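The next block holds one structure in the form of structure tokens; read it before the comments.
No experiment lies behind these values; they were computed from the predicted model shown.
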Amino acid sequence: VMAVPMLDDETVLLIREYSAGVDRYELALPKGVMEAGEEPLSAAMREMQEEVGFGARRLTLLKEMTAIPGYLNGSMFCVLGQDLYPSTAVGDEPEPLEVVPFPLAELNDLVMRQEITEARSIAALFLTREYLAGRLSLPPL
């Protein structure tokens, strides 16, 4: 599951964490593996609490995404978190994560930076921007 925590209507909370696959620090969204029997919204709440120190009063499932559907079987649920409140939980990160507030209005500039290359985070940020602007309708669940 991947969470998109919105601090307010304009500000998304990103994390800066070490990414072993590319051997550098990257900006990304909070994410993690869903535990057995866990639902996407509950998992997104847990990941936000563990990685950015906030819970959300309002959670919206934006999209189920795959990474490489021609080769891998697995999905990631993208969940928007709004109306945040301070709430922490102990996670499994090997080092403290840096929380980086970023204005969603500057998304085009953000995705051109070398420090954010993960396609799932980029896709989730664009989905969020379009949804919040009213240009994206979600299908009924």
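Hydrophobic clustering of Ile, Leu, Val, Met, Phe, Trp and Tyr side chains at less than 4.5 Å, counting indirect connections, unites V4 with L138. V79 and F126 fall into different hydrophobic clusters, where Ile, Leu, Val, Met, Phe, Trp and Tyr side chains are chained together by heavy-atom contacts under 4.5 Å. One hydrophobic cluster holds both F102 and L27 under the rule that ILVMFWY side chains link at heavy-atom gaps under 4.5 Å. Cluster membership check: L62 shares its hydrophobic cluster with I122, using side-chain heavy-atom separations under 4.5 Å among Ile, Leu, Val, Met, Phe, Trp and Tyr. Criterion: ILVMFWY side-chain heavy atoms under 4.5 Å apart, direct or through other members. Under it, L61 and L29 are not part of a common hydrophobic cluster.
Two residues are said to be in side-chain contact when any heavy atoms from C-beta on lie closer than 4.5 Å; V90 and E50 fail this criterion. A 4.5 Å side-chain heavy-atom check between L14 and L125 finds at least one atom pair inside the cut-off. P5 is listed as a side-chain neighbour of L84, based on a closest heavy-atom distance under 4.5 Å. Residues M6 and L132 have side chains in contact (heavy-atom distance under 4.5 Å, counting atoms from C-beta outward). Considering only heavy atoms from C-beta on, M65 stays 4.5 Å or farther from F77 through its side chain. You'll find the side chain of V1 stays beyond 4.5 Å of the side chain of M76, heavy atoms only. No side-chain heavy atom of P103 sits under 4.5 Å from any side-chain heavy atom of T11.
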Give the table of side-chain donor-acceptor pairs shorter than 3.5 Å for residues 109-116, with sequence neighbours excluded, one pair per line with atom names and distance.
residue, atom, partner, partner atom, Å
R113, NH1, E115, OE2, 3.2
E115, OE1, R16, NH2, 2.9

Could you go through residues 35-44 and list every donor-acceptor pair under 3.5 Å that involves a side-chain atom there, pairing it with any protein atom two or more places apart or in another chain?
residue, atom, partner, partner atom, Å
E38, OE1, E35, N, 2.8
E38, OE1, R46, NH2, 2.8
E38, OE2, R46, NE, 2.9

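Residue pairs that meet the side-chain hydrogen bond (donor to acceptor under 3.5 Å, both in side chains) test with at least one member in residues 55-64, sequence neighbours left out, are R57-D83, R58-Q82, E64-S75.
Environment of OH in Y85: crowded, with over 12 heavy atoms of neighbouring residues, nucleotides or ligands closer than 6.0 Å.
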Might you work through the side chain to side chain contact (heavy atoms under 4.5 Å, CB included) test for M48 and T88, ending with a clear yes or no?
CA-CA 8 Å; M48 286 191 301; T88 60; over 6 Å; no
Between L80 and L127, does a side chain to side chain contact (heavy atoms under 4.5 Å, CB included) hold up when you go through it step by step?
CA-CA 10 Å; L80 173 62; L127 284 169; over 6 Å; no
Show your reasoning for whether side chain to side chain contact (heavy atoms under 4.5 Å, CB included) applies to I15 and V100.
CA-CA 6 Å; I15 55 170; V100 180; over 6 Å; no
Please evaluate residues T128 and L104 with respect to the criterion side chain to side chain contact (heavy atoms under 4.5 Å, CB included), reporting the C-alpha separation (whole Å), side-chain torsions for both, the decisive distance (0.1 Å), and the verdict.
CA-CA 9 Å; T128 298; L104 203 55; 4.1 Å; yes
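Y25 belongs to a hydrophobic cluster with Y18, counting contacts under 4.5 Å between side-chain heavy atoms of Ile, Leu, Val, Met, Phe, Trp and Tyr, direct or through other members.
Scanning for side chain to side chain contact (heavy atoms under 4.5 Å, CB included) contacts around E118 gives M2, A28, K31, R120, S121, with sequence neighbours left out. Residues satisfying the side chain to side chain contact (heavy atoms under 4.5 Å, CB included) test with R135, not counting sequence neighbours, are R129, E130, A133.
Among all heavy-atom pairs drawn from E17 and L97, the shortest one is CB-CD2, 3.4 Å. Heavy-atom minimum distance, M45 versus A56: CE-O, 2.9 Å.
A donor and an acceptor atom, one from each side chain of S87 and Q49, are located under 3.5 Å apart.
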